[in-house]
Trainee: 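Supplied in structure tokens, the structure appears directly below.
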Amino acid sequence: MRKYYQLSLSFVLLTLFFSSTVYGQALRLPENNNFVCSSGRKIGVTDIEIKWNAPGVKGREGKIWGTDVAYFGYAVLGYGSNVESPWRAGADECTTISVSTDVKINGKTLPAGKYALFMLLTEDSTTLIFNKNTAAWGSYFYRKDLDVMRVSTRQKKNQPNLIERLTYQYSNQTENSIDVSLDWERWSIPFKIEVDLKKTTLAYLQREMSGAIGFDPASLEAAAAWCLSHETNYEEALNWINSASDPALGGLKNFRTLSIKSKLLDKVGRKEEATTIIQTAIENASALELNSYGRQLLMEKKITEAMAVYEKNYQKHKGAWPTNAGMMNGYSAVGNLKKALEHAKLALAQAPNEQIKKFLEKAVKTLEEGKPL
């Protein structure tokens, strides 16, 4: 029995020796390619995440692109599907990209989901390939029939800085787009991701408002305000603000909720109701709220309405801060710089902090020079 055990153990050890020699890739030592998960980016409500393994240049500068490391065109890699395969855009397991909503990549629509990212390299251009098989080892198991989208880009070569480890970087983010690039050695392969901010955010709000958060007045108010500011979905937004301002549902009839409701009523053509609601809102507003409302009307070029709000605020709150600042802005807008200067000096004496004091000192100086604010 002991002899049999020794023979069996020897066989197992021998098998492990040959396995580790022939299939050495199974052992991943610390100095091998680094696995990286990007911190991701959020554009509006859209989450973007890229995961990849980062090979190093390791002294191969000038011997990366167009070689066996990152080959041009297709290559038959053996194993797996044993078909012509594009480059895996990284190392080891396939690179993946996840987007939580539909996006556009260089102008072409990519549905929400998780995809393997491959790259078909040539000397001067690159085709990005988004594929359904996200569990594959690199592109050894590539199947063209699982491609979801292909889009072209042009790489930037001979970059001034050597990038030792392959990385995906984000830059130039706006409210509806972001630039992404694969950077390695002295190449950069860029592409742009864009989202339909209004469409994706509205879909998110509608989904959230139909769940437990749809019972929260503050959330309902925020959703309605977003629709108003982005000029969309007025009827549903009106339902949301009705609930947010209904005391029976835990809401508050304050200046903010009522002013949002008034503007939404105006947007759907219910102008008489809108006028009644905003008058109620003004009667219940604080000095700061009325001042802010007047400033908003000025920005909308509604100078007469703004002046009426500033005068109402001044009378109601007996010249308290910030009513003089409002009168200053109102008189400046209608061209009465003398009266604007009077109220500017009164506001300066009432300034609640150093920052506002400096602002009003500048306003006084501008008006003394005979210039409108």
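The basis for the numbers below is simple: all heavy atoms, side chains too, and nothing from hydrogens, waters or symmetry mates. Just so we're clear, the structure is a prediction, and the values are computed from it rather than from any experiment.
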Trainee: Should D147 and K132 be marked as a side chain to side chain contact (heavy atoms under 4.5 Å, CB included) after you check the CA-CA gap, both sets of side-chain angles, and the distance that decides it?
Mentor: CA-CA 6 Å; D147 288 353; K132 291 181 181 178; over 6 Å; no
Trainee: Any heavy-atom pair between the side chains of K42 and Q173 that's under 4.5 Å?
Mentor: no
Trainee: Counting C-beta onward and ignoring hydrogens, is there a side-chain heavy-atom pair between D47 and V99 closer than 4.5 Å?
Mentor: no
Trainee: Indicate the ring-plane relationship of W65 and W87, choosing parallel, tilted or perpendicular according to the 30° and 60° boundaries.
Mentor: perpendicular
Trainee: Keeping R165 on the side-chain end and A54 on the backbone end, is there a donor-acceptor pair under 3.5 Å?
Mentor: yes
Trainee: How about N233 and E236: does a side-chain donor come under 3.5 Å of a side-chain acceptor?
Mentor: yes
Trainee: For the residue pair P111 and V148, what are the closest heavy atoms and their distance?
Mentor: CD-CG1, 4.2 Å
Trainee: Do L298 and N329 have side chains that get closer than 4.5 Å, going by heavy atoms?
Mentor: yes
Trainee: Name all pairs fulfilling the ring-ring contact (aromatic ring centres under 6.0 Å, His included) condition that reach into residues 271-306, sequence neighbours left out, sorted by first residue then second.
Mentor: F255-Y293
Trainee: So, the side chain of S262 versus the backbone of A274: is there a donor-acceptor pair under 3.5 Å, distance only?
Mentor: yes
Trainee: Out of curiosity, M327 CE to Y314 OH, how far, rounded to the nearest 0.5 Å?
Mentor: 6.5 Å
Trainee: For L120 and R150, what are the C-alpha separation, side-chain angles and deciding distance, and is it a side chain to side chain contact (heavy atoms under 4.5 Å, CB included)?
Mentor: CA-CA 10 Å; L120 184 61; R150 292 186 170 208; 4.2 Å; yes
Trainee: Report the distance from atom CG of N106 to atom CG of L128, rounding to the nearest 0.5 Å.
Mentor: 6.5 Å
Trainee: Answer yes or no: is there a donor N or O on one side and an acceptor on the other, between the side chain of K316 and the main chain of S286, under 3.5 Å?
Mentor: no
Trainee: Does the side chain of Y170 come within less than 4.5 Å of I50's, by heavy atoms?
Mentor: yes
Trainee: When clusters are formed by joining ILVMFWY residues with side-chain heavy atoms under 4.5 Å apart, either directly or through shared neighbours, do I282 and L265 land in the same one?
Mentor: no
Trainee: Start with the C-alpha gap between K104 and D196, add the side-chain angles, then the distance that decides, and say whether salt bridge (charged side-chain N to carboxylate O under 4.0 Å, His left out) holds.
Mentor: CA-CA 9 Å; K104 286 189 175 181; D196 186 330; over 6 Å; no
Trainee: Scan side-chain atoms only and decide if N254 and T257 contain a donor-acceptor pair under the 3.5 Å cut-off.
Mentor: yes
Trainee: Between S188 (side chain only) and D183 (backbone N and O only), is there a donor and an acceptor less than 3.5 Å apart?
Mentor: no
Trainee: Examine I277 and W240 and state if one hydrophobic cluster contains both, with Ile, Leu, Val, Met, Phe, Trp and Tyr joined whenever side-chain heavy atoms are less than 4.5 Å apart.
Mentor: no
Trainee: Near Q355 CD, under 6.0 Å, is it more than 12 heavy atoms from other residues, nucleotides or ligands?
Mentor: no
Trainee: Quick one, Q169 with S181, criterion side chain to side chain donor-acceptor pair (under 3.5 Å). Give me CA distance, side-chain angles, the key distance, then yes/no.
Mentor: CA-CA 5 Å; Q169 301 198 69; S181 62; 5.3 Å; no
Trainee: Checking side-chain polar atoms at under 3.5 Å, does N176 have a donor or acceptor matched by the opposite partner on E194?
Mentor: no
Trainee: State, with a plain yes or no, whether a side-chain heavy atom of E49 is found less than 4.5 Å away from one of I97.
Mentor: no
Trainee: Can you confirm whether the side chains of N284 and K253 place a donor and an acceptor under 3.5 Å from each other?
Mentor: no
Trainee: Any salt bridge linking E221 with R256? Criterion: basic side-chain nitrogen under 4.0 Å from a carboxylate oxygen.
Mentor: yes
Trainee: When you measure from the side chain of T95 to the backbone of A89, do you find a donor-acceptor pair of N or O atoms at a distance under 3.5 Å?
Mentor: yes
Trainee: Locate the shortest heavy-atom distance separating Y142 from E84; write the atom from each residue and the value.
Mentor: CD2-O, 3.7 Å
Trainee: Give every residue pair that meets the side-chain hydrogen bond (donor to acceptor under 3.5 Å, both in side chains) criterion with at least one member in residues 108-121, sequence neighbours excluded.
Mentor: none
Trainee: Do the non-hydrogen side-chain atoms of P322 and L288 ever get within less than 4.5 Å of each other?
Mentor: yes
Trainee: Which atom pair, heavy atoms only, marks the closest approach of L197 to W226?
Mentor: O-CZ2, 4.4 Å
Trainee: Does I260 belong to the same Ile/Leu/Val/Met/Phe/Trp/Tyr cluster as L202, with side-chain heavy atoms less than 4.5 Å apart forming each link?
Mentor: no
Trainee: Could you tell me if the side chain of Y331 sits less than 4.5 Å from the side chain of M307, heavy atoms only?
Mentor: yes
Trainee: Which pairs pass ring-ring contact (aromatic ring centres under 6.0 Å, His included) with one or both residues in residues 191-218, sequence neighbours excluded?
Mentor: none
Trainee: Between S177 and K192, what is the shortest heavy-atom contact and its length?
Mentor: OG-NZ, 4.1 Å
Trainee: In Å and rounded to the nearest 0.5 Å, what is the NZ to CG distance from K261 to L238?
Mentor: 7.0 Å
Trainee: With distance as the sole test, does S245 use its side chain to make a donor-acceptor pair with the main-chain N or O of I241 at under 3.5 Å?
Mentor: yes
Trainee: Ignoring hydrogens and geometry, is there a side-chain-to-backbone donor-acceptor pair from T201 to K198 under 3.5 Å?
Mentor: no
Trainee: Looking only at non-hydrogen atoms, find the nearest pair between N131 and R143 and report the distance.
Mentor: ND2-O, 3.0 Å
Trainee: Mind running side chain to side chain contact (heavy atoms under 4.5 Å, CB included) on T200 and D102 for me, showing each step along the way?
Mentor: CA-CA 8 Å; T200 54; D102 294 356; 6.0 Å; no
Trainee: To the nearest 0.5 angstrom, please state how far the OG1 atom of T275 sits from the CG atom of D266.
Mentor: 7.5 Å
Trainee: Can you confirm whether T167 sits close enough to W52 that some side-chain heavy atom of one is under 4.5 Å from a side-chain heavy atom of the other?
Mentor: yes
Trainee: Side chains of T101 and T46: is there a donor and an acceptor less than 3.5 Å apart?
Mentor: yes
Trainee: Determine which pairs satisfy salt bridge (Lys or Arg N to Asp or Glu O under 4.0 Å) with at least one residue from residues 321-339, sequence neighbours left out, and list them in order.
Mentor: K339-E342
Trainee: Is a salt bridge present between K302 and E305, judged by a nitrogen-to-oxygen distance below 4.0 Å?
Mentor: no
Trainee: For I178 and N172, run side chain to side chain contact (heavy atoms under 4.5 Å, CB included): C-alpha distance rounded to whole Å, both residues' side-chain angles, the deciding distance at 0.1 Å, then the answer.
Mentor: CA-CA 6 Å; I178 194 167; N172 303 322; over 6 Å; no
Trainee: Could you state the interatomic distance from OG1 (T134) to CG (L117), rounded to the nearest 0.5 Å?
Mentor: 12.5 Å
Trainee: Between E123 and K157, is there a side-chain N and carboxylate O pair less than 4.0 Å apart?
Mentor: yes
Trainee: Give the cluster check for V151 versus V180: same hydrophobic cluster or not, with ILVMFWY residues linked at side-chain heavy-atom distances below 4.5 Å.
Mentor: yes
Trainee: Name all pairs fulfilling the salt bridge (Lys or Arg N to Asp or Glu O under 4.0 Å) condition that reach into residues 306-315, sequence neighbours left out, sorted by first residue then second.
Mentor: E283-K312
Trainee: If you take all heavy atoms of K156 and P190, which pair is closest and at what distance?
Mentor: CE-CG, 4.3 Å
Trainee: Determine yes or no for a side-chain-to-main-chain donor-acceptor pair under 3.5 angstrom, with S85 supplying the side chain and S139 the backbone.
Mentor: yes
Trainee: May I ask you to list the residues sharing a hydrophobic cluster with W321, side-chain cutoff 4.5 Å, ordered by chain and number?
Mentor: M328, L337, L341, L348, I356, F359, L360, V364, L367, L373
Trainee: Is F118 linked to F141 within one hydrophobic cluster, defined over Ile, Leu, Val, Met, Phe, Trp and Tyr using a side-chain heavy-atom separation of less than 4.5 Å?
Mentor: no
Trainee: Check whether R186 reaches the backbone of P160 with its side chain - one donor and one acceptor, N or O, closer than 3.5 Å.
Mentor: yes
Trainee: With no hydrogens and no angle check, is any side-chain donor or acceptor of D92 less than 3.5 Å from a backbone partner on W137?
Mentor: no
